[in-house]
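Some notes on the structure that comes next.
Remember, it's a predicted structure, so these values are computed and weren't measured experimentally.
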Amino acid sequence: MADGTGTKDDPWRLTTPPGSSSYTMYRDTEADPPILVCVVGSTTLKYQLRAIEDLHAWLVEQGDWVPLGAADEKKPAADGTVEAWGRSESNPVGGWYGLRNGYRGRFGMYLPPLLEALGLAELTHDARNNRMRALR
């Protein structure tokens with residue numbers, strides 16, 4: 001279960017898959033399009049809110065473990081990873097789920113723990129090379 005309700009006043013409190021960093025996320029349904037706001041220290045990243053459902057649906061299609069492959073926006077994402085899918089022209093939004101130019105990456109770092117907290121996926125929690133798969 002997620003700690004927090006996912007609002008600005010009571011955000012989800014999450015930890016990266018390796019357990020090395022804490023961060024918060026919350027829904028902003030008033031934004032157009034609705035967004036997920038991810039706050040990591042003094043950095044704010046924004047992703048389309050539909051990423052939760054879209055990522056879960058894609059994981060269900062994959063049917064098995066998928067590497068996370070988290071990478072900054074300016075670095076290439078390894079093929080077949082959650083990060084690559086989160087910026088692929090073949091995903092449901094036709095490109096980046098990240099909305100803030102210069103801070104659109106790290107989809108594979110910050111979205112997977114939220115899906116796990118919401119009961120939609122399970123993750124490995126190793127020091128490196130973590131993976132996830134859908135729970136139905």
Fill in: Arg131: salt bridge (Lys or Arg N to Asp or Glu O under 4.0 Å) partners, not counting sequence neighbours
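With neighbours one apart ignored, the set is empty.
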Worksheet entry | Which residues share a salt bridge (Lys or Arg N to Asp or Glu O under 4.0 Å) with Arg13, sequence neighbours left out |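 Only Asp3, Asp10 meet the salt bridge (Lys or Arg N to Asp or Glu O under 4.0 Å) criterion with Arg13.
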Indicate every side-chain donor-acceptor pair of residues 36-51 with a distance under 3.5 Å to a residue at least two apart or in another chain.
| residue | atom | partner | partner atom | Å |
| --- | --- | --- | --- | --- |
| Tyr47 | OH | Gly105 | O | 2.8 |
| Arg50 | NE | Asp54 | OD2 | 2.6 |
| Arg50 | NH2 | Asp54 | OD2 | 3.1 |

Would you say [Y] ends up clustered with [X] if hydrophobic residues are merged whenever their side chains have heavy atoms under 4.5 Å apart, either directly or through other cluster members?
X	Y	answer
Tyr23	Leu55	yes
Ile52	Met132	yes
Phe107	Trp12	yes

Discussion item. Using every non-hydrogen atom in the two residues, find where Leu14 and Pro113 come nearest and quote the distance to one decimal.
Written reply: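 Between these two residues, the closest heavy atoms are CD2-O, 3.9 Å.
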Worksheet entry | Taking every non-hydrogen atom, the tightest pair across Ala70 and Glu83 |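 That would be CA-OE1, 3.5 Å.
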Could you pull out every donor-acceptor pair under 3.5 Å between side chains of residues 56-69 and any protein atom, sequence neighbours left out?
| residue | atom | partner | partner atom | Å |
| --- | --- | --- | --- | --- |
| His56 | NE2 | Leu120 | O | 3.3 |
| His56 | NE2 | Leu135 | O | 2.8 |
| Gln62 | NE2 | Trp58 | O | 3.3 |

Would you check if [X] and [Y] make a side-chain contact, meaning some heavy-atom pair closer than 4.5 Å?
X	Y	value
Val82	Leu111	no
Pro18	Arg128	no
Pro92	Tyr97	yes
His125	Leu123	yes

Please set out all donor-acceptor pairs under 3.5 angstrom arising from side-chain atoms of residues 24-32, sequence neighbours excluded.
| residue | atom | partner | partner atom | Å |
| --- | --- | --- | --- | --- |
| Arg27 | NH1 | Thr5 | O | 3.4 |
| Asp28 | OD1 | Glu30 | N | 3.1 |
| Asp28 | OD1 | Ala31 | N | 3.3 |

Worksheet entry | Main-chain N/O of Ser21 paired with Thr16 side-chain donor or acceptor, under 3.5 Å |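 A pair under 3.5 Å: yes.
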Quick one: side chains of residues 72-79, donor-acceptor pairs under 3.5 Å with protein atoms, not counting sequence neighbours, listed by atom name and distance.
| residue | atom | partner | partner atom | Å |
| --- | --- | --- | --- | --- |
| Asp72 | OD1 | Arg106 | NE | 2.9 |
| Glu73 | OE1 | Gly102 | N | 2.7 |
| Glu73 | OE1 | Tyr103 | N | 3.1 |
| Glu73 | OE1 | Arg104 | N | 3.1 |
| Glu73 | OE2 | Arg104 | NE | 2.9 |
| Glu73 | OE2 | Arg104 | NH2 | 2.8 |

